[in-house]
Amino acid sequence: MKSVLNGKTVVLGITGGIAAYKTPELVRLLKKAGANVQVLLTDSAKQFVTPTALGTVSENPVLTDIFPKDVQGSWTVHIHLARKASVFLVAPATANTIAKLAHGLADNILTNIYLALPPTVPVIIAPAMDTDMFVHPATQANLEILRQRGHIILPPESGLLASGLTGIGRLPELTAIVDKVNEVVAGAKGDLSGKTILISAGPTREAIDPVRYISNYSSGKMGFALASAAQKRGATVQLISGPVHLSPPVGVDLISVESALDMQTEIENRFIKADVVIMAAAVADYRVKSVSDTKIKKESSAGFELELVKNPDILQTLGKKKKKQILIGFALETDNEIEHARQKLVSKNLDAIVLNKANEPGAGFEVDTNIIRILPATGGIIEFPKALKTELADRILDFCLTLSEKNHV
Ligand code: CTP
């Protein structure tokens with residue numbers, strides 16, 4: 001399965017703090033994400049974790065010395081390894097190593113490799129230590145030097161520390177460290193860097209009066225997952241979303257809208273500059289003909305009729321205008337799904353349509369998982385097993401990337 005870390009080398013420097021005991025699990029998570037992990041261990045780190053454990057999980061020899069005793073003529077290993085690194089991660093980073101990195105001391109394998117890193121290699125430092133050591137002006141000044149140098153400092157968390165005291169200084173959750181590595185590697189040179197992707201998400205709301213509206217059950221989860229994944233892979237992302245209860249994805253330009261007409265305006269304003277447009281929104285097909293300015297009161301009659309007019313089909317309009325853009329639609333169907341999806345693919349002039357069934361368990365609105373099939377305009381059906389929307393977002397983007405490589409977009 002393709003991930004941002006696939007084939008990338010994470011050089012992980014481990015220093016002598018108690019949190020070092022967690023690092024075999026960190027290595028395992030990085031490996032699971034597809035990375036090749038090369039571990040560097042300082043002498044004090046060996047008090048907390050063994051080279052044997054780390055060598056076993058990383059499946060690479062662990063480097064502990066600048067002059068390895070058993071390999072002849074290999075003292076330039078730090079230069080070669082530094083050049084192979086996609087990212088340099090120090091976790092946990094002690095106050096001592098932070099000071100050495102800040103001031104350019106090179107008295108062990110970790111600090112040597114740090115100095116030999118090409119300037120393009122991103123550096124992430126995860127300090128972990130007792131609160132007093134962390135808040136000490138010397139440590140803070142050293143961290144500031146590293147920050148100014150463009151390195152990423154992952155702030156430690158607060159909680160119970162190994163000393164028995166409570167305060168700031170705990171290593172962040174390992175998954176948060178892996179997320180940061182992913183984000184940094186993707187941003188450094190993601191496979192979607194240079195692309196502008198316009199994504200719509202969520203439902204639209206069509207007003208009836210100041211207190212009522214017509215809408216649908218769309219949660220926006222699929223569109224938000226797509227936006228977040230595209231951003232992590234280096235794209236410039238504009239997310240046009242109807243009303244949802246989701247936090248805006250970091251680094252994404254979020255434009256919130258209410259109605260289908262609002263959504264159309266915002267999308268069309270940005271269409272020309274987009275390389276890829278993915279319409280994951282559940283756009284209401286109809287709106288109320290005349291929206292009441294005042295709250296509609298209960299009539300004495302038993303029934304009540306609303307006159308609806310058709311909303312524009314945003315995607316169809318884009319399909320008519322499209323030049324170089326790759327246009328992807330979504331189809332939510334309950335019956336004759338392939339046939340209906342193909343009709344939409346053709347009538348909206350799309351490059352592909354992502355089909356999901358509304359009535360399958362674990363698919364459709366509100367849930368975190370989905371079952372999708374991609375129908376490309378060139379024919380065929382690409383099937384995917386049920387998976388998290390976040391996972392499927394990457395698969396949809398992989399597909400867009402292959403289309404864009406074919407079309408030279
Ligand atoms: N869409 C759109 N504008 C609309 C309706 C739909 O841009 N007014 C887009 C959706 O975002 C989706 C695709 O068209 O990407 C298909 O939407 P869907 O609701 O499945 O189909 P409709 O075309 O609305 O047809 P129907 O409701 O009859 O199934």
Side-chain angles (χ1 to χ4, degrees), residues 197-207 213-227 230 237-244 255-271 274 276-289 308-322 325-360 363-366 370-377 381-382 389 392-393 396-397 399-400 403:
I197 306 193
L198 192 54
I199 298 169
S200 72
T204 65
R205 248 180 214 178
E206 310 300 329
Y213 57 82
I214 301 173
S215 191
N216 56 62
Y217 289 116
S218 171
S219 62
K221 284 181 180 166
M222 193 68 239
F224 273 57
L226 279 161
V237 184
Q238 294 169 325
L239 175 62
I240 321 286
S241 175
V244 292
I255 300 105
S256 300
V257 296
E258 289 262 334
S259 67
L261 291 179
D262 296 342
M263 184 172 273
Q264 183 178 37
T265 308
E266 297 298 342
I267 290 177
E268 292 201 344
N269 283 345
R270 291 167 178 80
F271 182 60
V276 179
V277 181
I278 307 178
M279 279 292 293
V283 185
D285 288 326
Y286 296 91
R287 66 180 183 278
V288 177
K289 188 174 180 192
L308 302 179
V309 290
K310 214 167 193 178
N311 267 329
D313 189 316
I314 304 173
L315 199 47
Q316 196 159 43
T317 318
L318 300 180
K320 285 186 185 137
K321 288 186 187 169
K322 91 166 173 188
Q325 291 89 350
I326 289 170
L327 213 52
I328 310 287
F330 268 74
L332 184 70
E333 307 291 348
T334 53
D335 58 289
N336 286 339
E337 60 269 20
I338 304 274
E339 194 188 319
H340 286 144
R342 273 208 205 291
Q343 278 163 7
K344 290 176 190 174
L345 176 70
V346 173
S347 69
K348 300 185 194 220
N349 191 23
L350 308 179
D351 294 282
I353 195 152
V354 181
L355 167 63
N356 42 143
K357 270 195 181 185
N359 47 8
E360 239 167 279
F365 289 156
E366 288 180 324
N370 212 352
I371 303 167
I372 63 160
R373 273 164 281 181
I374 298 181
L375 279 62
I381 301 178
I382 309 168
K389 287 181 176 171
L392 291 169
I396 294 168
L397 293 170
F399 173 79
C400 292
L403 277 188

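When a ligand or atom number is given, it counts from 1 through the structure's own listing order. Because the structure is predicted, anything quoted here is derived from the model rather than measured. These values consider heavy atoms only, across backbone and side chains, with no hydrogens, waters or symmetry-generated copies.
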Counting N and O atoms only, with roles assigned by atom type, does the side chain of Thr204 sit under 3.5 Å from a partner on the main chain of Gly242, one being a donor and the other an acceptor?
->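 Absent.
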
Is a side-chain N or O of Asn356 found less than 3.5 angstrom from the main chain of Ala331, in a donor-acceptor match?
->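 Checking the backbone N and O of Ala331 against the side chain of Asn356, a donor-acceptor pair under 3.5 Å is found.
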
Nearest neighbour in protein (non-hydrogen) for [atom]:
atom                    : result
atom 12 (C) of ligand 1 : Phe330 O, 3.0 Å
atom 3 (N) of ligand 1  : Ile314 N, 3.0 Å
atom 10 (C) of ligand 1 : Ala281 O, 3.5 Å

Closest approach of Ala230 to Leu397 (non-hydrogen atoms, all atoms of both residues) =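 Shortest heavy-atom separation between Ala230 and Leu397 comes out as N-CD1, 3.4 Å.
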
Which atom of Met263 lies closest to which atom of Ala201, heavy atoms considered =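 Closest heavy-atom pair between Met263 and Ala201: CE-O, 3.7 Å.
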
Are a donor atom and an acceptor atom from the side chains of Asp262 and Ser259 found within less than 3.5 Å of each other?
->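 Yes, a side-chain donor-acceptor pair sits under 3.5 Å.
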
Side chain, backbone, both or neither: the part of Leu315 lying under 4.0 Å from ligand 1 by heavy atom =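 Contact part for Leu315 vs ligand 1: both backbone and side chain.
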
Flag side-chain contact, heavy atom, 4.5 Å: Ile278 against Leu198 |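 No. Closest side-chain heavy atoms not under 4.5 Å.
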
Min N/O separation [X] to ligand 1 under 3.5 Å:
X      : answer
Asp285 : yes
Lys344 : yes
Ala280 : no

Contact atoms of ligand 1, heavy-atom distance to [X] under 4.0 Å:
X      : value
Pro312 : 3 (N), 4 (C), 8 (N)
Leu332 : 20 (O)
Gly329 : 15 (O)

Does the protein place any heavy atom closer than 4.0 Å to atom 20 (O) of ligand 1?
->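 True for atom 20 (O) of ligand 1.
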
Within the structure, is a non-hydrogen atom of [X] found at a distance of less than 4.0 Å from ligand 1?
X      : value
Ser200 : no
Ala331 : yes
Lys348 : yes

Full working for salt bridge (charged side-chain N to carboxylate O under 4.0 Å, His left out) between Glu333 and Lys344 = CA-CA 11 Å; Glu333 307 291 348; Lys344 290 176 190 174; 2.4 Å; yes

CZ of Phe399: more than 12 outside heavy atoms within 6.0 angstrom?
->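 Counting neighbours around CZ of Phe399, more than 12 heavy atoms of other residues, nucleotides or ligands fall under 6.0 Å, so yes.
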
Could Lys310 and Asp285 be called an ion pair, given the rule that one side-chain N must be under 4.0 Å from one carboxylate O?
->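 Salt bridge absent between Lys310 and Asp285.
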
